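Below is one structure, written out as structure tokens; the observations come after it.
The shown structure was predicted, so the numbers you read here are calculated from the model rather than taken from an experiment.
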Amino acid sequence: RTAINNPYHAQQLGLAFIFQELNVVNSLSVAENIMLGQEPQIGPFFNFGKAQAQARKLLEQIGFADVNPKSLVGSLSVAQKQAVMIARALHLEADVIVMDEPTSSLDKDEVADLFALIRRLRNEGKGIIFISHRMGEIEKIADRVTVFKDGKKVATRYMAETDSRELVRLMVGRTVNHMFPEKRREPGEVVLKVHNLRNKMLKGVSFELRRGEILSVAGLVGAGRTELLRALFGADRLTEGTVALNGETLSLGSPRDAIQSGITLVPEDRRNEGIVPRQSVQNNLLIAWSQFVGARRIAGEASSVADTLVDRLQIKTPSLEQLVAYLSGGNQQKVVVGKWLAMQTEVLLLDEPTRGIDVGAKAEMYNLIDNLAREGIAVIFVSSELPEVLGMADRILVMREGALVGELDGDATEEDVAALSMLSEETI
């Protein structure tokens with residue numbers, strides 16, 4: 001046994017870590033991030049040329065040859081940042097690589113490339129600790145599985161001797177028969193009308209959203225799903241198109257405009273864009289509420305509003321003063337949702353809302369979203385996981401390369417969605 005004193009000591013022992021939250025330096029280039037801590041040098045100076053060549057080779061190895069080693073990491077997508085972290089772990093030439101939810105932002109082909117890489121590393125004698133809440137991934141890649149619950153080891157099983165149903169039971173502590181709520185929702189009148197949205201990513205997107213409806217948006221990574229939500233939230237500028245809420249055309253020059261109108265976004269990158277980790281649960285719940293005095297926020301004293309939201313969303317926290325960083329991923333996500341409920345949102349935009357949370361927390365999140373829709377909130381639900389798209393949707397929009405390529409009803413199959421997702425640009 002060896003006591004690990006600090007992260008540098010772990011690295012010296014041959015351990016490398018790919019964290020679930022994106023542990024990158026946005027102000028540095030891709031090559032600088034990959035080489036961080038083991039920079040090639042010419043004398044006392046950083047060897048940029050060698051660093052870029054090594055970074056390019058590593059990125060090609062994991063199927064991300066299109067990522068420019070010279071680009072600032074802050075300009076990359078979540079999937080590309082994830083690739084930078086994987087390349088960095090490979091650069092360290094570690095004996096044991098710990099991967100925490102490494103596929104959370106990768107599409108099907110990228111996941112297949114990653115799994116091929118993992119198998120090759122395993123065959124070369126490296127140990128891989130692969131942490132995932134996705135049962136299908138565990139079944140495909142794992143030799144052995146250890147289940148944790150509430151910080152304690154529950155059991156270890158050889159994958160050849162168990163199945164996903166038993167693993168879910170061990171994780172949750174009970175048998176989960178129905179992950180998704182029954183679709184008994186009755187959408188009302190049109191609340192949001194989107195016409196011909198265009199910018200550097202979007203190509204003339206138009207649709208309508210009804211009150212109390214869950215509208216799923218599907219598509220491969222890079223299809224424009226996140227960019228659509230960001231445009232509706234005023235975070236990305238539009239060059240053309242209109243957005244009307246309750247019949248009134250909006251001017252969405254900034255997220256502040258969207259929030260004041262009743263449109264809010266739960267972002268894909270929870271840690272960097274959804275919460276303030278070193279602030280309390282109460283401060284996170286009321287971060288927008290405190291900034292919009294006299295606007296469409298819930299009335300009441302701050303502590304009373306926060307208490308109400310904790311009870312309504314069943315947020316598990318020892319107190320309102322608990323730092324939100326110490327909550328589980330599922331409870332952090334509830335805090336992000338609660339922040340917008342404090343503003344009496346009418347349209348809730350959800351970008352990968354179950355990313356990085358366990359099976360039990362996913363079931364809770366599905367029920368929460370269903371309840372919000374039943375209360376009359378209109379929901380746009382983006383997910384890379386087709387079972388979620390199908391399990392939650394009243395209707396499904398499918399995007400490809402920034403364009404809307406089809407609309408399906410909630411009874412569609414994975415094959416229906418996949419067929420539209422893979423249409424060629426010429427077909428569009």
Side-chain angles (χ1 to χ4, degrees), residues 188-194 209-215 226 228-236 243-277 279-315 317 320 324 327 330-353 365 368-382:
E189 72 280 8
V190 172
V191 64
L192 186 73
K193 186 173 287 190
V194 175
L209 175 68
R210 297 184 176 276
R211 194 175 304 281
E213 179 182 34
I214 298 178
L215 178 64
T226 291
L228 172 60
L229 298 194
R230 287 178 56 84
L232 293 174
F233 189 55
D236 286 351
V243 178
L245 182 67
N246 296 319
E248 179 181 350
T249 300
L250 305 179
S251 175
L252 298 176
S254 69
R256 190 176 187 89
D257 294 333
I259 295 166
Q260 288 178 318
S261 299
I263 301 175
T264 54
L265 171 66
V266 176
E268 176 183 15
D269 188 355
R270 177 176 62 245
R271 186 172 182 84
N272 289 316
E273 299 178 1
I275 61 171
V276 184
Q279 290 287 322
S280 69
V281 170
Q282 175 166 316
N283 287 351
N284 272 271
L285 284 169
L286 302 183
I287 194 168
W289 185 90
S290 62
Q291 295 296 315
F292 290 84
V293 177
R296 54 185 304 131
R297 64 181 197 167
I298 293 175
E301 297 295 324
S303 60
S304 175
V305 171
D307 266 328
T308 299
L309 292 168
V310 167
D311 290 341
R312 180 181 179 186
L313 301 179
Q314 297 182 328
I315 299 170
T317 178
L320 291 175
V324 77
L327 300 188
N331 284 296
Q332 288 180 6
Q333 196 72 312
K334 288 180 182 179
V335 169
V336 181
V337 174
K339 169 178 65 179
W340 299 130
L341 297 185
M343 297 304 299
Q344 301 189 69
T345 185
E346 288 192 67
V347 176
L348 183 62
L349 311 174
L350 300 172
D351 195 357
E352 304 285 359
M365 184 59 64
L368 170 59
I369 295 167
D370 176 65
N371 288 336
L372 295 178
R374 291 175 190 276
E375 292 172 11
I377 294 176
V379 177
I380 300 181
F381 182 98
V382 164

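Looking at Arg270 and Glu352, no side-chain N of the basic residue comes within less than 4.0 Å of a carboxylate O on the acidic one, giving no salt bridge.
Counting heavy atoms from C-beta on, the side chains of Val276 and Val324 never come closer than 4.5 Å. Looking at heavy atoms from C-beta onward, Asn331 lies out of side-chain contact with Thr317 at the 4.5 angstrom threshold. A heavy-atom distance below 4.5 Å is found between the side chains of Glu346 and Asn246. Contact of the Val243 side chain with the Leu252 side chain is registered, since non-hydrogen atoms from C-beta on lie closer than 4.5 Å. For the pair Ile377/Leu341, a side-chain contact is recorded, criterion being any heavy-atom separation below 4.5 Å from C-beta on. Inter-residue side-chain proximity for Leu372 and Val337 is flagged as met; some heavy-atom pair is nearer than 4.5 Å.
When all heavy atoms are compared, the tightest approach of Leu209 to Ala378 is CD2-CB, 3.5 Å. Closest approach of Ile259 to Phe233, counting heavy atoms only: CG1-CE1, 3.8 Å. For the pair Arg297 and Phe292, the tightest heavy-atom approach, listed with the atom from each and the gap, is CD-O, 3.6 Å. Scanning both residues, Gly234 and Pro255, for their nearest heavy atoms gives O-CD, 3.4 Å.
With Arg230 as the fixed residue, the salt bridge (charged side-chain N to carboxylate O under 4.0 Å, His left out) test singles out one of Asp269, Asp236, Asp351: Asp236.
Residue pairs that meet the side-chain hydrogen bond (donor to acceptor under 3.5 Å, both in side chains) test with at least one member in residues 334-343, sequence neighbours left out, are Lys334-Glu364. Sorted by first then second residue, the salt bridge (charged side-chain N to carboxylate O under 4.0 Å, His left out) pairs that include residues 281-291, not counting sequence neighbours, number zero.
Taking CD1 from Ile263 and CG from Leu348, the interatomic distance works out to 11.0 Å, rounded to the nearest 0.5 Å. To the nearest 0.5 Å, the span separating OG on Ser261 from CG on Leu250 amounts to 4.5 Å. Considering CD of Gln260 and CZ of Arg296, their distance stands at 10.0 Å, rounded to 0.5 Å. A distance of 11.0 Å separates CD in Gln333 from CD1 in Ile315, rounded to the nearest 0.5 Å. To the nearest 0.5 Å, atoms CG (Leu349) and CG (Leu228) are separated by 8.0 Å. Distance check, rounded to the nearest 0.5 Å: CD1 of Ile214 to CD1 of Ile369 gives 6.5 Å.
More than 12 heavy atoms of other shown residues, nucleotides or ligands fall within 6.0 angstrom of atom CD in Glu189.
For Arg210, the salt bridge (Lys or Arg N to Asp or Glu O under 4.0 Å) test picks out no residue, with sequence neighbours left out. In terms of the side-chain hydrogen bond (donor to acceptor under 3.5 Å, both in side chains) criterion, Glu273 has no residue partners (sequence neighbours excluded). Take Arg374 and apply the side chain to side chain contact (heavy atoms under 4.5 Å, CB included) test, not counting sequence neighbours, and it matches Arg184, Arg185, Asp370, Asn371.
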Can you give each donor-acceptor pair under 3.5 Å made by side-chain atoms of residues 298-314, sequence neighbours left out, with the distance rounded to 0.1 Å?
from: Thr308; atom 1: OG1; to: Ser304; atom 2: O; distance (Å): 2.9
from: Arg312; atom 1: NH2; to: Glu375; atom 2: OE1; distance (Å): 2.4

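Under a 3.5 Å cut-off, the side chain of Thr345 and the backbone N or O of Gly262 do form a donor-acceptor pair.
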